[in-house]
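Worksheet for the structure shown next.
Excluded from the calculations below are hydrogen atoms, water molecules and symmetry mates; all remaining heavy atoms, backbone and side chain alike, are included. The chains referred to below are lettered A, B, ... by the order of the sequence lines, with proteins before strands, and numbering in each begins at 1.
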Number of protein chains: 2
Amino acid sequence: MSTASADRRDIPEATVARLPLYLRALVALDSRGVEVVSSEELAEAAGVRSAGLRKDLSHLGSYGVRGVGYDVDRLSEEISRELGLHHDWSVAIIGMGNLGHALAAYGGFATRGFSVRWLVDEDPAVIGTQIAGLQVIDFAELEKQAPESIIAVLATPPHAAQQAADQAIALGVRSILNFAPCVITVPAGVEVRKVDLATELQILAFHEQRGRDITLGTIEGAR
Amino acid sequence: MSTASADRRDIPEATVARLPLYLRALVALDSRGVEVVSSEELAEAAGVRSAGLRKDLSHLGSYGVRGVGYDVDRLSEEISRELGLHHDWSVAIIGMGNLGHALAAYGGFATRGFSVRWLVDEDPAVIGTQIAGLQVIDFAELEKQAPESIIAVLATPPHAAQQAADQAIALGVRSILNFAPCVITVPAGVEVRKVDLATELQILAFHEQRGRDITLGTIEGAR
DNA sequence: GCGACTTTGTGCCTGTGTTCACAAAGACCT
DNA sequence: AGGTCTTTGTGAACACAGGCACAAAGTCGC
C-alpha cells in the first residue's frame, strides 16, 4: 500500500545488470507455457540466489503475490518497460571485419529488442557490399540516415576505435558497446560498455592456473 | 624487504579482472618504446583510477620504484606470470555458427597468450570443413586429440549449450567462456564466464532510456 | 469464515571493493 | 652529502553488494 513508485528511481547498477537475465529466463518460461513462477524457480533459471532476485525485483515495485509467486507475463512486461524495450532500439555496427560481420549476421538481437539497421565501415572496398541483407555504408551516409537515438557497436581494430567512437558521438550516439580491445575516451553523458574476449580468457586462465579446487572451499564431496 | 610473497595468495577477484587491462596497456606502451610508467599514466591508459591501480599491483608484490614508477617490461612479466600466460593456452571453440566462425578467424587471441587449436561442431555438414586453417572436428575426435588442459569457448545455439558444456567437461575442461544466451549448470571446480551480447545492449538501453544526464551528477559544464 | 501454509518483501549484518590522503622510500639536483 | 621532490604503497573511512532470516500478506482447503 505504500508508494512503490517512489523508489523507482536509482536502481542499483548490479540489479540493472541482472534484469536482462531475468527477462531472458522469463521469456523462456513463457514459451514453455509457464504462467506463474516463484522466486526460487526463477532464480534457478537465471542462475542467481532467490533472496537476491527478490531484492532486485523489489526495486521496480511489488509485482509478486505472496504465497503464489510472480506472473510471468506481467513481470516480463515490467522488466521490459524498465529496460526501455517497449520500442526497438536501432543499432549501428561499426567496423566490418570478422567480428562485425558475425554480429551483423547474428540473429540473437532481434528477439531481444534490437534491430541492426546500419553497417558502417571506412574501407572503400567494403562500402557498398551487402552483408546479411544490409548495405555497408560510410559515416557520411549514416549521418544522413540516422535521425533517432541509436546504439553503436564498435567492432573496429583497436587503432581505429577511438576515431570511430568520436565520429559516432558526433552523430549523437550516447551508448557504445566496444568490442575493440582498447580504452576509448568519451565525454560525460556517453555510456560505454566493453567486451574484450581475450581479457575474459585471461581471467579464466588465471583461475585455471591456480588449482581452483584449492581456492574454492565449497566443494562438497571432495577430499 | 618484507616477505612480499606471503600475500601472493588470494588476489581479490576484482583485481584479477583488471590485470588483463593493465597488461594490455603495458604491451601497448612497450610497443611505443616506453620503458617506465607511473601509476597515474598507466591508470589513464587502462581506464582506471591511479590509487586503485596501485592497490591492485601491490597485491602481486612491490615492483614499483618510488619517485620513478614501474618498469614496463618487468611489470608486464609479473602480470603475465600471475595470469599464467607464460605458456600458451589451447582453446577449443565449440559451435561453428556465425559467432564461432568469427571467433575462429579472429586474430586477437594469439597475441594474448591463446591459440585456437580445435573447432568443434556436431553438424555432419560442417565437420571436416576448413575454417581459418583448421579442420572442424566432432567431440569424439577432440577427445582423441586433447591431452592437456584446454579452455572451451561455447558458441552454440542456446538449446545446445548445456549438452556441449557437459561433453566438454567430460573431456576434462575446467574453464568455459559461454557466449550462448542461457544459463549452463556445471559441477564445482569448473569455472564459467559468460558473455551475452544482447544483455550488454539491454543494459545500455536502460541507461539510454533514463536520460543519463539526469542520473549522472558529474557533468561539468553542462546545463 | 477461519486456520494453516506458502511465498514475498525487507531489515540487518557481513564481506568486498573503492576512494582518500599521507607517510615512507627512493631518485635527482646542487 | 644533504635537501627537495616525485611517486609508491597502504591504513582508514566509506559505499556497495550479497546473504540470512523473519514478519507480513495473501492463498487455499475445509
> What residue pairs, at least two apart or across chains, pass side-chain hydrogen bond (donor to acceptor under 3.5 Å, both in side chains) with a residue in residues 152-165 of chain A?
Replying inline: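 Of all non-adjacent pairs touching residues 152-165 of chain A, those that pass side-chain hydrogen bond (donor to acceptor under 3.5 Å, both in side chains) are Gln162(A)-Asp166(A).
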> Heavy atoms, side chains only, cut-off 4.5 Å: are Arg24(B) and Leu21(B) in contact?
Replying inline: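 A side-chain contact under 4.5 Å exists here.
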> Is Pro187(B) close to Ile169(B) at the side-chain level, that is, under 4.5 Å between some pair of heavy atoms?
Replying inline: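 Touching, per the 4.5 Å side-chain cut-off.
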>> So if I take residues 22-33 of chain A and measure heavy-atom distances to DNA chain D, which residues fall below 4.0 Å?
In response: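 Contacting residues: none.
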>> Expected output is a numbered-order residue list: members of residues 38-46 of chain B with a heavy atom under 4.0 Å from any atom of DNA chain D. What is it?
In response: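 Residues of residues 38-46 of chain B under 4.0 Å from DNA chain D: Ser38(B), Ser39(B).
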Within this structure, what is the [atom1]-to-[atom2] distance between [X] and [N], rounded to whole angstrom?
X: Ile11(A); N: dA17(D); atom1: CD1; atom2: C1'; result: 15 Å
X: Arg54(A); N: dA24(D); atom1: CZ; atom2: C1'; result: 13 Å
X: Leu57(A); N: dT7(C); atom1: CG; atom2: P; result: 16 Å
X: Glu13(B); N: dG17(C); atom1: CD; atom2: P; result: 8 Å
X: His59(B); N: dT10(D); atom1: NE2; atom2: P; result: 9 Å
X: Asp56(B); N: dT8(D); atom1: CG; atom2: P; result: 14 Å
X: Asp71(A); N: dT7(C); atom1: CG; atom2: P; result: 16 Å
X: Leu60(B); N: dG9(D); atom1: CG; atom2: C1'; result: 13 Å

> Are the charged groups of Arg174(A) and Glu208(B) less than 4.0 angstrom apart, N to O?
Replying inline: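 Result for this pair is yes, salt bridge flagged.
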> Between Ala161(B) and Leu154(B), which heavy-atom pair has the shortest distance, and what is it?
Replying inline: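 Nearest pair, atom of Ala161(B) first, then Leu154(B): O-CD1, 3.7 Å.
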> How far apart are the closest heavy atoms of Glu41(B) and Val36(B), and which atoms are they?
Replying inline: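 Scanning both residues, the minimum pair turns out to be OE1-O, 4.5 Å.
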> Partners of Arg54(A) by salt bridge (charged side-chain N to carboxylate O under 4.0 Å, His left out), sequence neighbours excluded?
Replying inline: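 With neighbours one apart ignored, the set is empty.
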>> So, using side chain to side chain contact (heavy atoms under 4.5 Å, CB included) as the criterion, who are the partners of Glu44(A) when residues are at least two apart?
In response: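 Glu44(A) satisfies side chain to side chain contact (heavy atoms under 4.5 Å, CB included) with no residue once adjacent residues are dropped.
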> Of all the choices, dT10(D), dA17(D), dG9(C), which nucleotide is nearest to the side chain of Ser58(B) once you look at every atom?
Replying inline: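 For Ser58(B), the side-chain atoms sit closest to dT10(D).
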> For the base of dG9(D), is there a side-chain donor-acceptor partner from Lys55(B) under 3.5 Å away?
Replying inline: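 No pair found.
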> Going 5' to 3' along nucleotides 23-30 of chain C, which nucleotides have protein heavy atoms under 4.0 Å from the base (write B), which only from the sugar-phosphate (write S), and which from neither (write -)?
Replying inline: -BB-S---
> For Ala14(A) and Tyr70(B), take the nucleotide of DNA chain D holding the closest heavy atom to each; which residue's nucleotide lies nearer the 5' end?
Replying inline: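 By nearest-heavy-atom nucleotide position, the 5'-most residue is Tyr70(B).
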> Taking for each residue the nucleotide of DNA chain D bearing the nearest heavy atom, is the 5' side occupied by Val37(B) or by Gly52(A)?
Replying inline: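 That would be Val37(B).
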> Do the ring planes of His87(B) and Trp89(B) sit parallel (below 30°), tilted (30 to 60°) or perpendicular (above 60°)?
Replying inline: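 Geometry flag for Trp89(B) against His87(B): tilted rings.
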> With a 3.5 Å cut-off and no angle check, do the side chains of His59(A) and Glu82(A) form a donor-acceptor pair?
Replying inline: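 On atom types as modelled, these side chains do not qualify, holding no pair under 3.5 Å.
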>> Is a donor from one side chain sitting under 3.5 angstrom from an acceptor on the other, for Asp71(A) and Tyr63(A)?
In response: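 No, because no side-chain N or O of Asp71(A) sits under 3.5 Å from a partner of the opposite role on Tyr63(A).
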> Has the side chain of Glu200(B) got a donor or acceptor atom that lies under 3.5 Å from a matching backbone atom of Arg193(A)?
Replying inline: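 Side chain of Glu200(B) to backbone of Arg193(A): no pair is present.
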> Quick one: is dG18(D) close enough that its OP1 or OP2 comes under 4.0 Å of any side-chain N or O from Arg18(A)?
Replying inline: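 Result: yes.
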